[in-house]
Amino acid sequence: MNRLGVSLSILGFVVSAAACRSGHGTANQEKAVPRASSGGELTADRFPKIEGKTIGFVPIGLGTPLTEEWLYRLQRGAERNHWAIATRDPNWDAQAQPAAVQTLIDQRVDALVVHNTDINLNAEALRRAEEAGIWTITVNMASSQLPSLHVGAEWGYGGGLQAQALVDVCGGQGKVALITGDASSQATLDLLKGGQKVFDANPKISIVATQAANWDRTRAHDIAATLLTQHADLCGFWVFWDQMAYGSALAVREAGRQGKVHVVTMDSTIGCQGVGEGLIDVTFSFHVPEQGDQVVDALAMFFQMGEQGVKPGQFRTAVWSEWTKITRDNVGQPGLCYTGKT
Amino acid sequence: VTALAHTPPLAASAAPRTTRTRALWSPRLFFADLLGKKWMESVVPSILCVVVGVVLALAVPHFATVPTFFSLSREYGEIALLAVAETIVLVSGGIDISVGSTFALANIFVLILLRLAGLSVAVAIPATLALGAVLGALNGLPIGYLSVSPLLTTLVTLIVYRGIVTLLDVRVGGTLARASFSDASWRLVGQGTVAGVPTSVGALAIVAVALHLFLSRSRFGWRLTAVGGDRRSARHAGIDVDRLRASAYVISGMLSALAGVLFAARLGSGSARTGEGLEFTVLTAVVVGGVSLLGGRGTIPRALIGTATVMMLSRGLLLLNAGSEVQQLILAAVLLAAVGFDIKFMKHRWSLIQKIYINPASIEYPPLPDFSGLWAPNERLRGAEPIGLDRIEGPEDVILDREGRVYAGTREGEIVRFGGEGFAKREVFARVGGRPLGLAFDEADDLVVCIGGMGLYAVTPDGAVRCLTDRTPRSLVRLIDDSRLRLADDCDVDRLDGSIYFSEATLRFEMETWILDCIEGRPNGRLVRYDPKTDRTETVLKDVVFPNGVCVSHDGQSVLFCRTWACDVQRLWIRGARKGTVEPFCPSLPGYPDNINKASGGRYWLALTGMRTPSFDLLMRMPRVRRRMMKRIPPHEWLYPNMNNGLVVLLSGEGEPLETYWDPTGEKHPNITSMREYDGWLYLGGLNNNRIGRIRMAEKGEIDPSRGRLETKGTSRASV
C-alpha cells in the first residue's frame, strides 16, 4: 500500500497546487474554498456530498469480471453519493468505443470513466470531454490524451514481475512464448517493455513467439495450442491477462503437458481459479476492487474541487495500483481474489 | 359475363344525345401509377428511416440533440462511404464483404505512411486511395475476368486483408501508437469542419453526388446497372461485362480506403479491431435502404437512407445501453426483414400493378342510329383497286405527294412509297423504327410522321429522318411521366403558321396495348402542338378520350379531332373569338372514328375503324362489369370493341354525315383507319390491312381552293 499512499499524497499536493493557482481568481472562488475556522470540527456538514452528478462509464467491454467489478464499485459509490451511472458498453468493438464516449459527452455527463482499447482511439473524445468541462478518469488502459486522473496498474513494473516469475518457474532457462493483448494497447506495450528488461538479464531464456490474442480467451487457446505443437520443449507461457491465460492453460492441459509448460499471467479472478485448479502457476493481482473504489473517491474529490473553482484540465494525476503475487500457496487467502459478481 | 344479364336494359329515354365520359379521380388508378414509379422502391425505406428517427427521438433520452447529430454525422460520413461502395458492387450484380477489411487496412496504412514513413498528408492520402484501388482490383480481376464467385473472392480477401492488418498491428502497432503526429490539414480531415459541415460529411456529399450522377446519368452507370440486372443480356447487348464488373470492385476499394482515411484522421488508432464486422453493418444498411442483393437495383440515395436508418438504430441502442450482442441481433432482424420485404415486393409488385393498372370508367353513348338510309351498308369499297397488295403490312395512314406517289407507314417501322405505272414500283422511302402512324406534308415538302413509341418526326424528300419533338413539358400533378410522347397518333400542319397539331392517343398504354385503353375508357390522351419556329412543344388539350385523327379545318380556325372510344369528333378552336374552347363537331357516330382528313368541297373524310355493338356499348357503360371481366377471365376471352368492319364517312363542313362507303364483307378492307382524297381518287389505309386501296370518286374536286399553289400542285399536302 506504500505506493498508493505516495500517490495519494501526490494527488493531494497537486490538488492544493491547483487550488492555489485558482485562488487568485474571483472573490467568489475564494469563498468557496473552506478554511479552517476557529475550533472548527471537520464534519460532513462542512463538506457536503456533491450529489446529483452523472458519471459516464465506458469499458472496453462488459461481461468480464474486471469491468463488472469496476461497474459494481462505481454503482456502490454512486448509491452512497447519490450519483447516477450511465454505462455504455462497446462490447469489444473498437469503433463503437469513441462513439460511446461521444454520446456521453453529448449527454453532458459530469465525469467520464474510460477503459481505453488503445491509446489513440479515445484521445480526441477525451480532449473534447475536458473542453466541455467533464472530469476524465482513465482506468488501467491509458490514453495519449492525459486525463484528470489515471487509476491503474503500472504495467512496466508488473511486466517485470511477471517476466521474473516466468524465469523463476522455468529455472532461469528455456523457451518461452508471449501471448499479448491488442498490440497497440498501452498495457501490452508497457508489459512487453518491462518484461524485456528481465529477459535481457536472463539470456538463457529465449522468446520463441509473441502473438496477440487481443484479450480473447478462445484466440489465446488457439495460439497456445499451435505454439505447443511447434515447440515440443516449450517451458512456459506469459499470457497478458487471466482470461487469455485460462484459455492457454487449457491448451496446455489438452496437450498433456501440464506441469511441463508453465503459465504466468495477471489479474485475480479467473487467474485465481486457474491457480486453484493447478492450471496456472502464477498470477499477479493488481487489486481491481480497490481501483474501483479509488475512482469513486477521486470523483467525490473532483466534484468538491469543482465547487471550489477547479476546472478539468488544470491538473494531471495518477494513482498506481499495488501488485500482489498469487500462487498455490496464497491463493486461498481472503481478499486477494475477487469474483466480479459481487 | 354473367353480370350483363342482371343489368337493366339500356333505356332509350335515359340515353344521352352525346357521349358522356367520366374522368373521376380514382384511388386505384393513383395507386397503380404510384406503384409503377421507380422511386416507389425507396419510399418504404425512407418512411422507415423517418419512423426510426422519430421513435428513437421520442423513446431515447439524449438522442434528438444537436451534439448527437453532429457526432453521429461524422461517423455517418465514413459508414455511408462504405455503403456507397457496397451499393456500386451490388448494382453490378456482385457483393463485396471485404469492405471492412479494406477499410481497416487503409486505416493502418495511412497511419504508417504519416507517422512512421513521415510522408505528408498530400502524399499519404492519394497513396492510400491507390492502395484501395489495388485491393479492389484484387477482388475485381478474379471476379470479372475469371468469373470466380464474388462471395468467395471477397471472403478470401476479407480474411487476407484482415490478416495483413493484424500482422502490421503486431509489427508496428506499438511504435505506431506512440509516434506523435500532428498536422493541421490532417486535423482538418479528422476533426475539422468545412463551412460548418464535418469534413467526412463533406467528402461523402461530394462522392455521393458524383457517384449518383455517374450511376444514374452516365453510360458507364447504366451499363453497370444492366450488367447487374442480367449479365447475359448485357453481354448480348455488346457491353464489356468483365471490365465493368471488375471496375465496380476497384471503385468499392477506393471508397472503402477513403472511409479508412477519414477514420484514421478522426481517431488515429491503428487498432487491429478496426472495421471488424463492418461488412455486416454495411450490407444491412444498403439492403434496408432498398438496394437489392440480387443486383441491378439500387441508387446512392438509397444507400444513404439505409445507412442513416441503421446508424440511428445502433446509436439509439447504444444510448439505451443495450449490449452490442443485442444490437447485432436487432440489426440481423432488420436485415432479415428488409431482405424479405425486398424479395416479396419485387416479386409481387408488377403482378399487383398488372392487376390494378386498368381502371375502367363509364362511357355512355347515344343510341345507335338506324342502319337504313344514310347508314345502310353498301358495297362502294368492294371494287377498290389494290395498291401494293401483300407487299405492305398495316398502312395505318396513306398520303400522296405532288407527283402522285403513295406513302404509307408499315408495321416493320418503314415508310414505303409506291409509284410508277399502276403503283407497281415499291421502294422504302425511309426507315424510322417505331410504328409510323399519322402522316402529313409540310410547306417544305417534308413528310411529318407520328411514330408510336417515339414521337413526332420529319422525313425530308431525300429520305433523311429527324426528330421534331419527343417530349413536352411535364405536367406537375401527374404521377405518370407525361413528358415523353408514348403514342403520337396523327398529325396535321396548320398552314397559317406552320405549326403541327398532333394527338397522343394515351399516356397510360403503349403501341402494343392500345386496345386496353378502351377497356379502361378514361380520358388518357391529349392534343399537342409543336411549333417548328420556336422548337417548342405544348399540350393544347389534355385529358381527352383516345384522341386519334387530327385535322386542321379548311379555314384554319379550328382543329378537328376524333375521340375513338367516345365515338365522336370534336372541334378545338385555335383562332378567333372562341379560341381555346371545345365543342362537338360530329357528336354521335355508330362506330369508332380513326383518322379525319379534308375532302374536296370544304367537306371532310372520316374513317370508322370498327362499328359499335349494343353489347359493348352496354359494357362501356358499366365499368364494374369490365373490372370483373378482367379479374375473372383471361384477356383473350375479354370483350373488345369490334375492330374488323369499318367504313368511310363523308362529313359536311359542319360535321353532318353525308355519305358512307362500306366493305361489308371485310375481305379487302376489314378495317379502315385512314383515307385520302387525291385527284378524283380516294385512297384507303388500314392498321391491319395487307394493301392500300383506291376508288374512283364520282366527281373530281379540289381541296383547299383558297390556297392556289396547293391547288395546282396537288391535294396531297392539304391534310392528313
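We name chains A, B, ... by the order of the sequence lines, and we start the count at 1 in each one.
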Completion exercise
Correct closest heavy-atom pair for B:Leu318 and A:Arg88 would be O-CD, 3.2 Å
Practice task
Under 4.5 Å heavy-atom distance to chain B, tell me which part of A:Asn214 shows up: side chain, backbone, both or neither.
Solution key: both
Problem - Contact class of B:Arg315 relative to chain A, heavy atoms under 4.5 angstrom - result: side chain
Handout entry: chain B contact via A:Thr117 - side chain, backbone, both or neither, heavy atoms under 4.5 Å
Key = side chain
Practice task
Taking atom types as modelled, find out whether A:Asp106 and B:Thr65 have a side-chain donor-acceptor pair closer than 3.5 angstrom.
Solution key: no
Practice task
Can you tell which part of A:Ala123 gets under 4.5 Å to a heavy atom of chain B, answering side chain, backbone, both or neither?
Solution key: neither
Practice task
Among the options B:Leu320, B:Asp169, B:Thr166, B:Val172, pick out the one with the most heavy-atom pairs lying under 4.5 Å from chain A.
Solution key: B:Asp169
Exercise for the section: Measure A:Arg108 against the heavy atoms of chain B and call it side chain, backbone, both or neither at under 4.5 Å. Expected result: neither
Handout entry: Neighbour count >12 (heavy atoms, 6.0 Å) for atom CD, A:Glu79
Key = no
Exercise for the section: Please examine the side chains of A:Trp92 and B:Glu276, heavy atoms only from C-beta on, and report whether any two atoms are closer than 4.5 Å. Expected result: no
Handout entry: Contact leader toward chain A among B:Arg171, B:Arg187, B:Arg266, where contacts are heavy-atom pairs under 4.5 Å
Key = B:Arg187
Exercise for the section: Tell me, for A:Asp216 versus chain B, whether the close heavy atoms (under 4.5 Å) come from the side chain, the backbone, both or neither. Expected result: neither
Practice task
Using non-hydrogen atoms and a 4.5 Å limit, figure out which bit of A:Ile119 sits close to chain B: side chain, backbone, both or neither.
Solution key: side chain
Exercise for the section: Quick one: pull up CD in B:Glu75 and CD in A:Gln102 and give me the separation to the nearest 0.5 Å. Expected result: 8.5 Å
Practice task
Supply the atom-to-atom distance B:Leu278 CG to A:Asp93 CG, rounded to the nearest 0.5 angstrom.
Solution key: 8.5 Å
Exercise for the section: Report the distance from atom CG of A:Asp118 to atom CG of B:Leu267, rounding to the nearest 0.5 Å. Expected result: 9.0 Å
Problem - Region of B:Phe103 that comes under 4.5 Å of a non-hydrogen atom in chain A - result: side chain
Handout entry: A:Thr87, part contacting chain B, at a heavy-atom distance under 4.5 Å
Key = both
Problem - Straight-line distance of B:Ile79 CD1 to A:Gln95 CD, nearest 0.5 Å - result: 5.5 Å
Handout entry: chain A contact via B:Leu72 - which portion, at a heavy-atom distance below 4.5 Å
Key = neither
Practice task
Flag the one option from B:Ala272, B:Gly277, B:Ser314, B:Gly275 with the top tally of heavy-atom pairs under 4.5 Å to chain A.
Solution key: B:Gly275
Exercise for the section: Would you give the length of the straight line joining atom CG of A:Asn116 to atom OG of B:Ser271, rounded to the nearest 0.5 angstrom? Expected result: 12.0 Å
Problem - Contact winner vs chain B - A:Ala99, A:Ala212, A:Ser185, A:Ala100, heavy-atom pairs under 4.5 Å - result: A:Ala99
Fill in the blank from the handout: Under 4.5 Å to a heavy atom of chain B? For A:Glu124 that would be side chain
Practice task
May I ask you to decide if A:Asp182's main-chain N or O and B:Arg273's side chain share a donor-acceptor pair within less than 3.5 Å?
Solution key: no
Exercise for the section: Go through the atoms of B:Phe63 and report whether side chain, backbone, both or neither lie under 4.5 Å from a heavy atom of chain A. Expected result: neither
